[in-house]
Amino acid sequence: MNEIIVRFAPSPTGQVHIGNIRAAIFNWLFARHNKGSFLLRVEDTDIERSTKEAIDALLDCMNWLGLNYDGEILYQTSRAKEHIEAALKMKDSGNAYYPPAKDGEKTPLVFRIPWDCENISAVRNAGNAEIDLSPDTPVLVNETGITFAQLSKKGAPVQRSSCLSGFREMKLFNSSGNLVFELEKEIGNVLDGKASFSFDNCSKVQFLRREVVFTDIIKGELAKPLDSMKDLVIVRSDGTPVFHMANVCDDIIQKVTHIIRGDDHVENTYRHIFLFSALDYPVPQYAHLPMIVNASGKPYSKRDGDAFVGDFRDKGYFADALFNYLALLGWSPGDDREKLSKDELVELFSLERVKSAPAQFDINKLFNMNGLYLAEMPQGTFTEYAWDIVKSEPWVQNADKKFFERVAALLQSRTKLITQVKDWGYFFTDDVEYDLKAAKKNLGKEDVKNAIQVLLDSFASSTAEFTLQFIEEETRKAEKTAGLAEGKLNQPLRIAATGCSVGAGIYETIHMLGKTRTIARLKKALSLNLSE
RNA sequence: GUCCCCAUCGUCUAGAGGCCUAGGACAUCGGGUUCUCAACCCGACAACAGGGGUUCGAAUCCCCUUGGGGAUGCCA
């Protein structure tokens with residue numbers, strides 16, 4: 001069995017998009033599952049828009065997600081010469097032509113969908129066909145193809161132009177029903193550019209329809225009639241190769257066996273099949289991935305600023321969580337498992353199980369999955385990530401790492417995004433910011449204030465050890481003394497000690513803060529001006 | 001317009017003619033636990049786009065309609 005080779009071939013023209021990286025992930029999974037190679041090719045032929053920054057961002061994202069590639073990166077621009085040479089060879093072999101120049105302008109090199117394509121296995125006969133024409137528009141036949149106006153169902157003329165080879169055994173009829181032209185009789189001269197025709201008043205064209213077919217691993221058999229295809233430019237008039245040429249040439253040089261890419265490329269596939277064939281190379285296997293759409297069900301556009309891979313990292317998502325989530329967008333293992341490690345994904349992945357319908361990105365589900373990863377992370381690992389996230393925060397500068405570890409242990413299960421660690425400041429700085437709304441609600445009443453004062457005094461005067469049990473007991477006593485129901489002091493205490501209304505258990509929190517700092521904070525809280 | 005593709009709960013999905021009274025997960029809403037928030041446990045809501053066939057039997061196969069997307073570049 002031959003080795004499987006896939007490639008990820010992005011254009012470095014901006015930030016890396018989740019749709020792109022999902023294609024990379026699926027390629028990677030397929031390669032790793034089959035013990036094949038995952039190659040990286042940077043399609044930087046759009047010199048205007050390709051930037052060094054974009055390439056760096058791309059490599060950074062891939063590295064972050066663990067998408068390791070095999071071999072060296074192939075930069076497409078480095079092969080421009082070969083692309084041109086291959087194109088010129090096509091010209092020599094009669095597969096490409098320069099259309100006649102208008103006004104002396106330079107013309108591009110155009111690949112011709114081959115007239116003789118019976119020997120191309122991807123092309124098959126699709127039976128006799130007939131198109132009604134609008135007699136008002138002349139039918140043009142020349143070496144670049146056929147131009148005409150089709151009559152739509154509603155009777156409206158629709159301008160069309162097609163390649164010649166779409167019209168095998170073409171017969172053209174005028175409005176009186178007379179045969180006025182047979183393409184087969186003139187084809188030699190037409191292909192050579194020695195003859196061109198124009199017919200007025202035609203109402204019908206009959207021909208033998210042919211179509212290109214390929215079997216997509218995901219979508220199944222896909223076909224397109226040749227009469228709906230046009231010859232395509234392969235070298236621009238300025239002498240630079242276009243995407244189609246470069247892409248196919250590089251897939252050949254990299255010996256790519258499976259092309260796994262976005263749905264938006266299926267139309268290109270029909271054309272690329274002819275290019276592979278003209279370059280005398282077997283057509284690879286194709287798998288077209290469904291698109292990822294945004295929350296409104298629309299395709300992601302530049303305006304969806306939240307779809308960049310880097311942004312997810314910045315927001316506190318983990319690479320493994322994002323990887324896992326993205327792998328589940330359009331694919332599933334076939335059972336109920338969802339949280340899957342990279343190794344499991346590699347083992348389970350198959351292109352056959354990829355869906356062909358577009359998938360909507362759901363930030364809620366990713367958020368939840370990220371929480372799963374965080375929750376199951378070993379404490380030490382979590383602490384390291386947390387530390388890394390907050391090390392630039394001012395309150396961390398004098399923080400004791402051991403103390404930080406204890407705080408991390410207390411709050412891990414409550415953390416969904418690693419960036420939430422930035423809210424832990426109240427453990428490390430006494431310059432607490434109060435959530436004023438919560439403070440007003442919980443600290444405004446006199447009996448609460450009294451209770452806090454009582455608690456404060458008892459903390460200050462007691463010589464007992466400042467244990468969890470002690471804290472809880474004193475809190476109960478303070479409630480009783482101030483006439484509060486049991487438990488009613490907890491939440492005010494939380495606000496007073498931490499400034500905010502959510503967090504770990506309040507006794508644990510206070511215990512963590514220690515006696516001295518707790519007393520200082522309670523005092524400060526009592527002196528807050530909560531009026532207005 | 002033309003060509004191509006797609007269609008199961010709000011979302012991701014399971015489903016290969018009978019295992020489907022359509023399963024799971026996220027979200028939402030109840031309830032339990034509880035000092036808050038998470039976590040956890042229990043429960044509820046919620047889908048085969050519509051219409052025709054084929055078949056003893058259809059979410060599954062075929063056709064039509066509708067809706068969505070892509071292509072129709074000397075962008076990639």
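Here the structure is a predicted model, which is why all the values come from computation and not from measurement. Computed over heavy atoms, backbone and side chain alike; hydrogens, waters and symmetry mates excluded. Order of the sequence lines fixes the chain letters, A, B, ..., with proteins taken first and strands second; residue numbering starts at 1 for each chain.
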- Task: Summarise how protein sits on nucleotides 66-76 of chain B as a single string, 5' to 3': B when a protein heavy atom is under 4.0 Å from the base, S for sugar-phosphate-only contact, - for no contact.
- Result: --SSBS-SBSB

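Across the protein-nucleic acid pair, A:Glu221 atom CD and B:rC4 atom C1' stand 13 Å apart, rounded to whole Å. For the pair A:Ile113 CD1 and B:rC3 P, the interatomic distance rounds to 18 Å; values are reported in whole Å. Between the CD atom of A:Gln150 and the P atom of B:rG1 there is a distance of 13 Å, rounded to whole Å. What separates CD1 of A:Ile146 from C1' of B:rU2 is a distance of 16 Å, to the nearest Å.
On a pure distance criterion of 3.5 Å, a polar donor-acceptor pair joins the side chain of A:Glu338 and the base of B:rG24.
Summarising the base pairing, B:rC40 is matched to B:rG32 through a Watson-Crick or G-U wobble pair whose two defining distances lie under 3.5 Å. Across the strands present, B:rC9 finds no partner; the criterion is a Watson-Crick or G-U wobble pair with both atom distances under 3.5 angstrom. Within the shown strands, nothing qualifies as a pairing partner of B:rG57 under the Watson-Crick or G-U definition with both distances less than 3.5 Å. Nucleotide B:rU2 forms a Watson-Crick or G-U wobble pair with B:rA71, both donor-acceptor distances falling under 3.5 Å.
For the pair A:Ser228 and B:rU2, the criterion of a side-chain N or O lying under 4.0 Å from OP1 or OP2 is not met. For the OP1/OP2 pair of B:rG15 and a distance below 4.0 Å, the side-chain nitrogens and oxygens of A:Arg353 include at least one atom meeting the criterion.
Contact annotation for A:Ile506: base contact, defined as any heavy-atom pair under 4.0 Å involving a base atom. Using a 4.0 Å heavy-atom criterion, one finds that A:Ser501 contacts the bases of the nucleic acid, with or without backbone contacts as well. In this structure, A:Gln360 reaches the sugar-phosphate backbone alone: every heavy-atom distance under 4.0 Å involves primed, P, OP1 or OP2 atoms, never a base. Using a 4.0 Å heavy-atom distance criterion, A:Ser332 is classed as a sugar-phosphate-only contact. If you check every strand for non-hydrogen atoms under 4.0 Å, A:Arg476 touches nothing.
Using modelled atom types and a 3.5 Å distance limit, the side chains of A:Arg236 and A:Thr240 yield a donor-acceptor pair. In this structure, a donor-acceptor pair under 3.5 Å is present between the side chains of A:His272 and A:His244. No hydrogens or angles considered: a donor-acceptor pair under 3.5 Å links the side chains of A:Arg261 and A:Thr269.
The shortest heavy-atom contact between A:Ile389 and A:Thr419 is CG2-CA, 4.2 Å. Listed here is the closest heavy atom pair of A:Arg337 and A:Leu340: CB-CD2, 4.0 Å.
Taken residue by residue, residues 364-377 of chain A places heavy atoms nearer than 4.0 Å to RNA chain B at A:Asn364, A:Lys365, A:Asn368. Heavy-atom distances under 4.0 Å link RNA chain B to A:Asn490, A:Gln491, A:Arg494 of residues 485-497 of chain A, given in residue order.
The side chain of A:Lys355 sits closest to B:rU8 out of B:rG10, B:rU36, B:rU8. Distances from the side chain of A:Pro225 to the nucleotides B:rU11, B:rC3, B:rC6 place B:rC3 closest.
To the nearest whole angstrom, the two P atoms, one in B:rG18 and one in B:rG43, are 29 Å apart. Remark: the separation of the P atoms in B:rC5 and B:rC62 is 12 Å, to the nearest Å. Rounded to the nearest Å, the gap between the C1' atom of B:rG50 and that of B:rU66 is 7 Å. Using P as the reference atom, B:rU11 and B:rU2 are 30 Å apart when rounded to the nearest Å. Comparing the same atom, C1', in B:rA59 and in B:rC9 gives a spacing of 13 Å after rounding to whole Å. Rounded to a whole angstrom, the distance from the P atom of B:rA22 to that of B:rU60 is 16 Å. As rounded to the nearest Å, B:rC48 and B:rA14 have C1' atoms that lie 13 Å from one another. The separation of B:rG15 from B:rG23, taken at their C1' atoms, amounts to 9 Å, rounded to a whole angstrom.
Under a cutoff of 6.0 Å and an axis angle of 45°, A:Lys315 and A:Phe312 form a cation-pi pair. Stacking of A:Arg22 on the aromatic ring of A:Phe26 is recorded, both the 6.0 Å distance cut-off and the 45° axial limit being met. Taking the centre and axis of the six-membered ring of A:Tyr373, the NZ or CZ atom of A:Lys339 falls inside the cone set by 45° and 6.0 Å. Note that A:Arg112 lies in the cation-pi zone of A:Tyr97, set by a 6.0 Å cut-off to the ring centre and a 45° limit from the axis.
With the nearest nucleotide of RNA chain B identified for both A:Trp331 and A:Asp336, A:Trp331 has the one nearer the 5' end.
Put simply, the side chain of A:Met229 reaches to within 4.5 Å of the side chain of A:Lys224, judged on heavy atoms.
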- Message: Using salt bridge (Lys or Arg N to Asp or Glu O under 4.0 Å), reason through A:Glu473 and A:Lys480 one step at a time and then give a plain yes or no.
- Response: CA-CA 11 Å; A:Glu473 281 168 7; A:Lys480 223 171 229 175; over 6 Å; no

- Message: Could you go through A:Glu479 and A:Lys488, starting from their C-alpha distance and side-chain angles, then the distance that decides it, and tell me whether this counts as salt bridge (Lys or Arg N to Asp or Glu O under 4.0 Å)?
- Response: CA-CA 7 Å; A:Glu479 281 166 348; A:Lys488 290 295 177 197; over 6 Å; no

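Aromatic pair A:Tyr286/A:Phe214: centroids less than 6.0 angstrom apart.
Using cut-offs of 30° and 60° for the angle between ring planes, the A:Phe308 and A:His17 rings count as perpendicular.
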